[in-house]
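Proteins get letters first, then strands, A, B, ... in listed order; numbering begins at 1 in each.
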Amino acid sequence: MPRTTIDLPYQVEHISILDEDGNLDHDLEPDLSEEFLLRLHRYMLLGRRFDERMLKLQRQGRIGTFAPIQGQEASQLGSVAALRDSDWMAPAFRESAAQLWRGQSMESFLLYYGGYFRGGEIPEGIRNLPVAIPVGTQILHAVGLGYAIKVHGQDDVAMVFFGDGATSEGDFHEAVNNAGVFKTPTIFVCQNNQYAISIPRSHQTQAKTLAQKALAYGVPGIQTDGNDILAVYVAAIEAVERARAGEGPTLIENVTYRLSVHTTADDPTRYRDEEEVAVWEKREPISRFQRYLKDKGMLTDNAITALEDEIKDEIAEAVDKAEERMETLKDEAITMFDHLYAERPAYLEEQRQAFAAHWEKA
Amino acid sequence: MPRTTIDLPYQVEHISILDEDGNLDHDLEPDLSEEFLLRLHRYMLLGRRFDERMLKLQRQGRIGTFAPIQGQEASQLGSVAALRDSDWMAPAFRESAAQLWRGQSMESFLLYYGGYFRGGEIPEGIRNLPVAIPVGTQILHAVGLGYAIKVHGQDDVAMVFFGDGATSEGDFHEAVNNAGVFKTPTIFVCQNNQYAISIPRSHQTQAKTLAQKALAYGVPGIQTDGNDILAVYVAAIEAVERARAGEGPTLIENVTYRLSVHTTADDPTRYRDEEEVAVWEKREPISRFQRYLKDKGMLTDNAITALEDEIKDEIAEAVDKAEERMETLKDEAITMFDHLYAERPAYLEEQRQAFAAHWEKA
Amino acid sequence: MAKMTMVQALNLALHQEMEKDDAILVLGEDVAVDGGVFRVTEGLLEKYGELRVIDTPLAESAIIGTAVGMAIHGLKPVCEIQFSGFSYLAFHQLESHAARMRWRSRGAYHVPLVLRTPYGGGVRALEHHSESRESYYAHTPGLKMVIPSSPRNARALLVSAMRDPDPVVFFEPKSIYRAFREEVPDEEEALPIGSAQVVREGNDLTLISYGAMMQPTLTAADRLAEEDGIQADVIDLLSISPLDEETCVNSVRKTGRVVIVNEAPRSFGPAAEVMARLIEKSFWYLEAPIRRVTGYDVIIPLFAYEQAYLPDAQRILRVARETLDVVS
Amino acid sequence: MAKMTMVQALNLALHQEMEKDDAILVLGEDVAVDGGVFRVTEGLLEKYGELRVIDTPLAESAIIGTAVGMAIHGLKPVCEIQFSGFSYLAFHQLESHAARMRWRSRGAYHVPLVLRTPYGGGVRALEHHSESRESYYAHTPGLKMVIPSSPRNARALLVSAMRDPDPVVFFEPKSIYRAFREEVPDEEEALPIGSAQVVREGNDLTLISYGAMMQPTLTAADRLAEEDGIQADVIDLLSISPLDEETCVNSVRKTGRVVIVNEAPRSFGPAAEVMARLIEKSFWYLEAPIRRVTGYDVIIPLFAYEQAYLPDAQRILRVARETLDVVS
Ligand SMILES: Cc1ncc(C[n+]2csc(CCOP(=O)(O)OP(=O)(O)O)c2C)c(N)n1
Ligand SMILES: Cc1ncc(C[n+]2csc(CCOP(=O)(O)OP(=O)(O)O)c2C)c(N)n1
Ligand SMILES: [Mg+2]
Ligand SMILES: [Mg+2]
């Protein structure tokens, strides 16, 4: 009768396999093929270089604002690597590496951030949702996707990405809670990159970890070293397998760091120190993974150089194609009247015609 | 480096002092004066009888829909008993006993549920917010009140009530999280009465308890036997003291039961069994507390009878006064133009005058 | 063919469409076991099971947000928000996602979602239970906004809403949920979204309204005929967006005089848009200023005064007569 | 007196009022350490400390909901919502509480809250960063809705908003945040909420607009004068609600011709209400149908086409000329 402690059905773990000094926990190391590991590496590098290129294009005024991913390559790719094509993926706005892995083209990003809504097109057969700008709101969509998967009797899963800041939004709460109640096959991947624009993680919530928020919903939660692609992958694949088996959702917190600006409109020197960034530079995911691959004899410096060249060309080609495309799209402002409804209602057709008749700006 | 369990800074407890069979945990029994205990008892009885009377008035068409409190008297009064007058209290829509304790009149309830917005008036000097109908939305107000208390340099607290269902709303999440971050002196009192209209607690969240949701915010959480007014009081006073001392918010879950209908528009036989209700009838808070008071020699059957009579008269008087008041207010529909803004803008004054000139319905 | 209340007619629409189309599911607070607080979803759980008839946790944003996900993956969620006054908790999911997913993905995904919700005054309810804020939704590109006015058109419009490939906000006038019965055919019936109906013909005056306000509007029209020998064209908009301006314009070109009735607050309300369209398309036909009879720009009062707030036949009649009295 | 951008002028208003009134505090995402993503709140943290200049967690409903509580207990919270497209996450707190607390408590409590938020297109921003949906707020009883158009009136109106005892939604036209400078007096200046300004006088035509659209509207007026010899009365509404119908009506009674410009979507937008008021109050003075130049009823496109979406001087000019050409 007196004061008793409430028993929680599980605890929240932290997982780390390959640390920043290159130490490896052999017991936890996942058994992945060389091909798969090299593919992961390739996309990490592609993600990084593409990001750097976009930053330059933005500075040159050739595209608009976007959110760089530098430092978060492992957190993104380790997660989506656990998915298959028929699974669903819902990004926030800082998941270009994950989206590239899942089949979207660099060209589409360039169009999108170049101000062309055509960049939001999702190619047939690819199950990624478009970028979601209002923070945290996309998390619910992955619960609905998961529910639909159940209704269709499939064993796919839906994985959704969001940031540390997003966990403060009501939609995060409603999403994980509903997923718990309906046991939807949803993987909630929080990329805790330590900042929501200028707000540090410590100011976002008094909770020690974001993973422990899972306890509020009776749902498993796990925290990873989000710059360790092996740890990220292991957490993701466990969650995916549980979801496929009908055991419901998981909340994963990947502890990582945004090495670059929030978006190209941001000046991080206003709110964080160089020293802090330097610490995280050392924990950076790509070099750590390269060392691992080299140790395993899967990668050499020469191979990296060759790969870098290959990627450089691919990116250059994508930029050329995208800029050509923008040129041809430039005068198609009238397409703003498309795709609002399946059929354009009369009043909108009238507005469209007025536009066509009078528009002199293009 | 491998898998490690995340250490949480505290655990969630359940507290019970006076159980349904009358067993008392003497170690935990709070040291309260006879006068205070009898006052609590009086308000429990008043709350119950007033509720019963309102139900009859509603059935007779003399007032409209309202939300009965039967079974939740301990959960409400044990909580507000920990407050002083200068503290703030924010109810949902099922806290009449708490509001009466905090100085609102029965007449005001009758007016309000009789359809007169005058019932929403808050008497000078009383720090209760008005009834909040949109579930969970008032929780944030208590964070703001708490913040203002801090800005004013006071050691008051703000206590907010809400139901089990409300914990699923995003606003609950944002409120407790913000209170944690700002360490506001806010007491979150969840009256878990097992249902949100027809939805049982088990369907509201997969979490075993609602108290454990505090872990998501790094905030203390505690669960009580919400039909045990001593346990409720002890949890509340601990939280209040912590808040006054500048140590921030607490989430309290009072486990109780709604013995009556959700509102007078509801038919609970559609979603719950008589047997379940019968089990909870036995756990009912008033008779349990009366046994305790009798055991302590503070209360007799005669005293109860006398008190019942007194209360009956008070209620009858309030009903008479309220109905008289309604009669005089009947024709004051034009007051709908009052209190929207401090000063009535021109367009609204024009509408008001048109109303005055033409209204033929009253 | 049976005489039905609007609640029964809506329930019929749900039963028949769920029977025909496995993709439809119903979700909301208390919609399954309890059959909905107004019983619109009664019997669906028993027939279609708990995977398709879903009692959700108490979270409006989640209802709409999960429905967006469901819709993207091939389902047709019919969401109930218990009262329209609580739909604001989901406003961002509607505005920012449901209304935009087709547009954002350039047609790759679409969101055939229906948001059903009771709206409007007149049932002696609590605060937040009596509002009429269809303008919020009508002003939002990407949504459609439908409000029926009788059992039969409620059923036929809900059927269309469920078949619509885009999100439809469907306001149900709760004050006439059970106020009268109407013959509703057993066989399927659908009414096109975006089409108004002329429900009474006349050449002297145009009365335009919709939803629960059709009742006092028709009463006013009857009284004009009886007491004044005035024949009014009465238009039931049925859809607020898309607005059937053609039907309105045609009538006004004939009558030259028009009164628009809505129970929403006056300023920036639906009547203003109808006025705007008529000015744009039939200005030269007007013989008197267009008038509107609306709710006042205050919060609808608790029920003791709600009838004083709501437009009624008397107010409509007065304004109609003033409009008829104008010498042009 | 100094030449300032609108951002600087707003910043000045905040600094001066916080200095004068201890009850004012500023809260929002990134408003303190970062000084706001547009730097409107720059320097406030250093001067007024972290108790009064609050970086909040990322939760809009919490920003408004906690501000309601703060306001009830004697503070005057000035909330920043980072972009108006994210204010919908707090819509229920505004509609259901901020707008109603005075009414609900019959004057016992009131909510002197300001919601500042950048709105509108033209800055090459991402999706959800360019909308103009002031109608949602203007249609909500209990709120006021203000939109300045220049550094000087922005400062003077923000001061009034902070002094207003009731909740004010204050939309800041971000495309002119830094587009031009204007002399802003050092000494205090406040402009009454609910009053429009005639910013250019003429007898031939009335042009009514507000916010960022004042720029193309004034350009069109200049060109009408230069190219057509037409003198337009140009009205800057400044407040959307309360709407200063008197100023509009007086002008139209003089000119008989009117074009209303807003960048919001056309249907159920602000221009419709202005049209309705003019019909009600100046119908017989109209020599041509009232026209509106607005955003289209689509989602404002990503930035490659946003200039095509936004009304510009050319479109205003064309419609103005059509209106002038009407032979009445
Ligand atoms: C609902 C909403 N509020 C505010 C913003 C503006 N905003 C864009 S990103 C961002 C911070 C997001 O932080 P986090 O969730 O940690 O993701 P990160 O940017 O770090 O990847 C904010 C405040 C927004 N896009 N949506
Ligand atoms: C935002 C919102 N959604 C729905 C409703 C309708 N409604 C009123 S009470 C209620 C259930 C509330 O359950 P709980 O929070 O457990 O409180 P209880 O009624 O049990 O005291 C619902 C769904 C509402 N008032 N507000
Ligand atoms: Mg972040
Ligand atoms: Mg409950």
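Heavy-atom distances place both the backbone and the side chain of C/Tyr296 under 4.5 Å from chain B. Contact of C/Ile300 with chain B is not made at all, since no heavy-atom distance falls under 4.5 Å. For C/Ile299, the parts lying near chain B are the backbone and the side chain together; criterion is any non-hydrogen pair under 4.5 Å. With a threshold of 4.5 angstrom between heavy atoms, B/Ala166 approaches chain C through N, CA, C or O but not through any side-chain atom. Neither the backbone nor the side chain of B/Leu111 comes within contact range of chain C; no heavy atom of the residue lies under 4.5 Å from a heavy atom of that chain. Looking at B/Tyr112, the atoms closer than 4.5 Å to chain C (heavy atoms on both sides) sit in the backbone and in the side chain alike. Residue B/Ile197 touches chain C through both its backbone and its side chain, counting heavy-atom pairs closer than 4.5 Å.
In terms of modelled atom types and a separation under 3.5 Å, the side chain of C/Ser175 and the main chain of C/Gly122 share no donor-acceptor contact. In terms of modelled atom types and a separation under 3.5 Å, the side chain of C/Arg39 and the main chain of C/Asp34 share a donor-acceptor contact.
Salt bridge status for C/Asp297 with C/Arg266: absent, with no side-chain N to carboxylate O gap under 4.0 Å. Under a 4.0 Å N-O distance rule, the pair B/Glu253/B/Lys213 does not qualify as a salt bridge. The pair C/Arg124-C/Glu306 does not count as a salt bridge, with every side-chain nitrogen at least 4.0 angstrom from each carboxylate oxygen. Contact check on C/Arg223 versus C/Asp228 returns no salt bridge, with no Lys/Arg side-chain nitrogen under 4.0 Å from an Asp/Glu carboxylate oxygen.
The aromatic ring centres of C/Tyr137 and C/Phe91 sit less than 6.0 Å apart. Between C/Tyr136 and C/Tyr88, the distance from one ring center to the other falls under 6.0 angstrom.
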Tell me, with the steps shown, if B/Arg118 and B/Glu107 meet salt bridge (charged side-chain N to carboxylate O under 4.0 Å, His left out). CA-CA 10 Å; B/Arg118 282 281 171 74; B/Glu107 197 192 325; over 6 Å; no
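Remark: C/Met213 CE to C/Ile176 CD1 distance equals 9.0 Å, nearest 0.5 Å.
Of the N and O atoms on the side chains of B/Ser96 and B/Gln99, not one donor lies less than 3.5 Å from an acceptor on the other residue. In summary, the side chains of B/Asn254 and B/Thr256 do not present any donor paired with an acceptor at a separation below 3.5 Å, with no hydrogens or angles considered.
Identified by a heavy-atom distance below 4.5 Å to chain C, the contributing residues of residues 337-344 of chain B are B/Phe337, B/Leu340, in residue-number order. Of residues 54-64 of chain C, those residues lying under 4.5 Å from chain B by any heavy-atom pair are C/Asp55, C/Thr56, C/Pro57, C/Leu58, C/Ala59, C/Glu60.
In terms of heavy-atom pairs under 4.5 Å with chain C, the best-connected choice from B/Thr205, B/Thr137, B/Leu329, B/Asp266 is B/Leu329. Residue with the most contacts toward chain C among B/Gly64, B/Ala196, B/Ser198, B/Gly114: B/Ser198 (heavy-atom pairs, distance under 4.5 Å).
Both tests hold for B/Arg272 against B/Tyr195: distance to the six-membered ring centre under 6.0 Å, angle to the ring axis within 45°.
The aromatic rings of C/Phe86 and C/Phe83 stand perpendicular to each other, their planes meeting at an angle above 60°, with 30° marking the opposite boundary.
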